[in-house]
Protein chains: 2
Amino acid sequence: MTPPLHLSLAGQAVDVLREQVLTGKIPPGSRVNEVEVAQQLGISRGPLREAIRHLASERLLVLVPHRGAFVPDAGADDVRALFELRTALECAAAELAASRRTDVDLVRLREVCAESRRNYRAGQPFPYRLDLAFHQALLDAARSPHIAEQVRLVQQRVVLLRSGLEDDPSHQQASMEDHDELVRAVEDGDAARASAVMRRHLSRVCAQMLASLGR
Amino acid sequence: MTPPLHLSLAGQAVDVLREQVLTGKIPPGSRVNEVEVAQQLGISRGPLREAIRHLASERLLVLVPHRGAFVPDAGADDVRALFELRTALECAAAELAASRRTDVDLVRLREVCAESRRNYRAGQPFPYRLDLAFHQALLDAARSPHIAEQVRLVQQRVVLLRSGLEDDPSHQQASMEDHDELVRAVEDGDAARASAVMRRHLSRVCAQMLASLGR
DNA sequence: AACATGTCAACTGTCGACAGTTGGCAGTCT
DNA sequence: AGACTGCCAACTGTCGACAGTTGACATGTT
């Protein structure tokens, strides 16, 4: 099975490496040794290099000439700067969603909110998965593939920054209420309000992350 | 000089290829033959492949498994979708610039506007270069490296779409006036107005490109 | 004539090996 | 002791070659 069975070796390597980076299995600050990881994955250095460059293009790795690829470990400034970009993208998405959403989009959004609420009432910790699902549903409603793609990349970087941070239960309710209000604005087709709520929501999430980093 | 003299072979290949793609020397729709281009550049397929993947990550090429890399040729829908992303990013940049600009930023912005006006009065065609310079100056004033980076990538894709399109002189004055008004809003620190003017400006530019494509 | 099938050249995906660079370590000098 | 110099191992950058896939052309079939 030397040739691409279903996905090229490079493509498979991208998936495996991304997983390992995002879950913190390869901790921030550490280096990715080409020969070592290549043997580990059972592939040659060529495809692995392509995978590394790909993840570098997603900013999940940083390349240093003649030194190799490193998992970036970010400070507070990076978090702030990254959330500036995320806010720009997701506020635009919220506006578009408010003006383009269909009934199916609303059903989906309400569904995610309902699941979050069930989860909350059951005393379960608010899984980050549900937060991602909500934002994804909003992006679907916005129907802007390019914006959606960029948001996906940014969220991925946020996940990387979050690796090693535990969910803070105290902010679950606030996030849920933000989501609910966002859905109402989108329902009303109120683009300006949707944008404003999203901005406040992300500002809150950013502040929480900064607080978690500080500890 | 087998080793990286100042930049790796892959890096050099990226620059050369990007130039050739953006100037239309490699026309949209055409394929990039690895062995052919590699010989042409006097390098091996390895570094060239990395360059191709890099440009693909910038969306200047599209990869088709087992088929190779192609220069994308976009239709009207792509232009609209791309400008949605560009609007999201540059409106945010305009807001940030309005609240963060320093005096040096303003000097630079006025300078670019002045050169545009000199150019216009001299009856010269408005070079796209000056438009890029203006937007770059605004990004510098916004001081958001991540947003700036994304805008750079998007603008590059716009340049690719523009390849083969001539500058339309009839829109020079409108663009110049947009720029002037944008500078005034930034001077006043009026983020909302800066965002609104930017949105109108980009909407106009997008409409112009769609008109050019239609012909 | 239109369609299905077999064959083939061209190209991509992958691999292993070599060359050059980098950072660190031992040894030496001041 | 501290700083400097010269080596050395480890690793990245690059290359050439092989294997597998794809699309197209030629051939045969209905």
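Per chain, numbering begins at 1; letters A, B, ... match sequence-line order.
Residues satisfying the side-chain hydrogen bond (donor to acceptor under 3.5 Å, both in side chains) criterion with B:Asp140, sequence neighbours excluded, are B:Gln136. A search for side-chain hydrogen bond (donor to acceptor under 3.5 Å, both in side chains) contacts involving B:Glu115 returns B:Arg129, not counting sequence neighbours.
A heavy atom closer than 4.0 Å to some atom of DNA chain D occurs in B:Ile43, B:Ser44, B:Arg45, B:Pro47, these being the qualifying members of residues 35-53 of chain B.
The interatomic distance linking A:Leu63 (CG) with D:dC11 (P) rounds to 17 Å, in whole Å. The separation between B:Arg67 atom CZ and D:dT22 atom P is 10 Å, rounded to whole Å. The distance from atom CD of A:Glu34 to atom P of D:dT14 is 11 Å, rounded to the nearest whole Å.
Nucleic acid contact for A:Val32: sugar-phosphate only, since backbone atoms but no base atoms lie under 4.0 Å from a heavy atom of the residue.
Applying the salt bridge (Lys or Arg N to Asp or Glu O under 4.0 Å) test to residues at least two apart or on different chains, the pairs with a partner in residues 63-78 of chain A are A:Asp77-A:Arg80. Within the structure, every pair that satisfies the salt bridge (Lys or Arg N to Asp or Glu O under 4.0 Å) test and touches residues 201-213 of chain A, not counting sequence neighbours, is listed here: A:Asp178-A:Arg204.
Dashed line: the shortest gap from a side-chain N or O of B:Asn33 to OP1 or OP2 of C:dA10 is not under 4.0 Å.
Which of D:dT22, D:dC15, C:dG23 sits closest to the side chain of B:Leu9 comes down to D:dC15. For B:Arg31, the listed nucleotide lying nearest its side chain is C:dC11; candidates were C:dC11, D:dT14, C:dT22. Among the nucleotides C:dG13, C:dC15, D:dC15, the one closest to any side-chain atom of B:His66 is C:dG13.
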Pairs under 3.5 angstrom only: tabulate donor-acceptor contacts from the side chains of residues 89-96 of chain A to other protein residues two or more places apart or in another chain.
residue, atom, partner, partner atom, Å
A:Glu90, OE1, A:His135, ND1, 2.8
A:Glu90, OE2, A:Arg86, NE, 2.7
A:Glu90, OE2, A:Arg86, NH2, 3.3
A:Glu90, OE2, A:His135, ND1, 3.4
A:Glu95, OE1, B:Arg199, NH2, 3.3
A:Glu95, OE2, A:Ser195, OG, 3.4

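The neighbour count for B:Tyr120 OH, taken as heavy atoms of other residues, nucleotides or ligands under 6.0 Å away, does not exceed 12.
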